[in-house]
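Letters go in sequence order (proteins before strands), and every chain restarts at 1. Computed from a predicted structure; not experimentally measured.
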There are 2 protein chains.
Amino acid sequence: MTEVVTAQAGVLRELRTLIAAGKLGPGQQVVQDSLAASLGVSRVPLREALKVLEGEGQVIYHPHRGYFVADLSVTDLVEVYRIRSLLEDEALRVGVPLLTDEDLEYLEGLIQDVEVAAKSADVTAVTSANRRFHFALFESSNMPRLVRLIRNQWDATDAYRGVYFAAASNLDQMNREHRAMLAALRARDVEKSIALQAAHRENSVSVVSELISKPS
Amino acid sequence: MTEVVTAQAGVLRELRTLIAAGKLGPGQQVVQDSLAASLGVSRVPLREALKVLEGEGQVIYHPHRGYFVADLSVTDLVEVYRIRSLLEDEALRVGVPLLTDEDLEYLEGLIQDVEVAAKSADVTAVTSANRRFHFALFESSNMPRLVRLIRNQWDATDAYRGVYFAAASNLDQMNREHRAMLAALRARDVEKSIALQAAHRENSVSVVSELISKPS
DNA sequence: ATGAACGAGATTGGATACAATCAATCCATG
DNA sequence: CATGGATTGATTGTATCCAATCTCGTTCAT
């Protein structure tokens, strides 16, 4: 489906889902040899993918001992969302006043993409469309490093987020929130849009925290 | 001097200084083969170090084309410091009220370490002691992910910071600021300590921005 | 019983070799 | 002369192999 140009990129995606699905449980060592074999690649691309995850705090590296899955407790999750709010608020604070009319049209198009995906109940499509919308918005800040950090934080919990989109009621609410956000953006109402973004986050944090608190 | 347990860790340090010194100039491709040879290692540890730098935004990766040194313009620098202020303010806001008397004693000891290093005019020692002080403070927040992000931001400009510490007048000012900070911490005065930390940042941003704006 | 020294097995770290891809040049063609 | 397509050299991506290190159980001395 989605093209993967390198093995490391493919492995990275696999690892994220393995961790989110609990196949690689918290605290567990990532044994490179067996995992690489089961993924059908050598250890080299696996190690490079692990370095990325280390940078995101998803795994912890001990030299000569290996990589261990970080445990994402509810405390951690709260911290991730707190960090997200610091960063996302700034992105909106800077970006919203800079939005052009063309930007707004483009953003509306992205919201429609999400709605279309939601109708077809394609969780993957919803996830990626939703992501495109929010990041298009963040990027209006013209702060690429800030956006990169926000992306890191999303990645740290992204794999869990699919669960949120699985329920139709959540999808409806999301679409309503997107529309409300668009209205606030059209009005260039910075504080309103920040508040809406915050509400949006809060919805998913509760779902995800339930998910990780009960051992699957 | 400092022990390096793996080649990748050593290469990572080398790379940071190479970038900071401009030996690896902005936009320039990092040719793995020749660089690895000149560092006396194979490409494997080099690539892993590059992945770390990619995560920090120090280099940009294009699949099948390679790693390119990100250019750190003054605009970028301003962005880095803006991000730092978002994150560091939070760390202090959460951490300062939690400081115990033992923490304060420990922090004072770290400040003394900086002063000792400053007297002996050992730039490297000043840099690392200064870093230890600030991060000990940040860690009082008990937000490890937040601290990790702050550390990333420091790393993104750390190599440049040595210049700041080279001038004795800057050292004096730094020590005065540290003492002022300690007083604010003893009073558990959150806003004051945030303001002092901000001033501390501003001092170095101007020095570093001059450094990178004029081609060496 | 306790703990230090040792060794076997497992695992990671790094070097080398080869495959895949890209970029730039050259040549053919219109 | 411009354009498009093959070709070659350079560079990256990955697999495989060997070296270095750690873990853990065993042994031995105290």
Test of understanding: with salt bridge (Lys or Arg N to Asp or Glu O under 4.0 Å), list the residues that count as partners of A:E139, not counting sequence neighbours. A:R151
Taking only residues at least two apart or on different chains, which pairs with a member in residues 93-102 of chain B satisfy salt bridge (charged side-chain N to carboxylate O under 4.0 Å, His left out)? B:D101-B:R188
So does B:E54 pair up with B:K51, basic N to acidic O under 4.0 Å? yes
Under the salt bridge (Lys or Arg N to Asp or Glu O under 4.0 Å) test, residues paired with A:D76 that sit two or more places apart: B:R145
Those residues that, when tested against B:S42, pass side chain to side chain contact (heavy atoms under 4.5 Å, CB included) (two or more places apart): B:V44, B:P45
By nearest heavy atom, map B:G66 and A:H64 onto DNA chain D; which one lands nearer the 5' end? B:G66
Atom CZ of B:R65 and atom C1' of C:dC22 are separated, to the nearest Å, by 9 Å
Sorted by chain and residue number, the salt bridge (Lys or Arg N to Asp or Glu O under 4.0 Å) partners of B:R43 (sequence neighbours excluded) come out as none
For B:V205, the side chain to side chain contact (heavy atoms under 4.5 Å, CB included) test, sequence neighbours excluded, returns B:L77, B:Y81, B:E202
If you find the nucleotide of DNA chain C closest to A:V5 and the one closest to B:A7, which residue's nucleotide is nearer the 5' end? B:A7
Under a 4.0 Å heavy-atom cutoff, the residues of residues 23-39 of chain B touching DNA chain C are none
With sequence neighbours left out, what residues match A:E177 under side chain to side chain contact (heavy atoms under 4.5 Å, CB included)? A:Q173, A:H200, A:N203
Please table the atom pairs, donor to acceptor, closer than 3.5 Å between any side-chain atom in residues 56-63 of chain A and protein atoms at least two apart or in another chain.
unit_1 : atom_1 : unit_2 : atom_2 : d
A:E56  : OE1    : A:R16  : NH1    : 2.8
A:E56  : OE2    : A:R16  : NH2    : 3.0
A:Q58  : NE2    : A:D155 : O      : 3.4

Considering residues at least two apart in sequence or located in another chain, which fulfil the side-chain hydrogen bond (donor to acceptor under 3.5 Å, both in side chains) criterion with B:E108? B:R179, B:R186
Going 5' to 3' along DNA chain D, which nucleotides are the first and last within contact of chain A (any atom under 4.0 Å from a heavy atom)? D:dT14 to D:dT23
Near-strand residues of residues 42-62 of chain B, defined as heavy-atom separation under 4.0 angstrom from DNA chain D: B:R43, B:R47, B:Y61
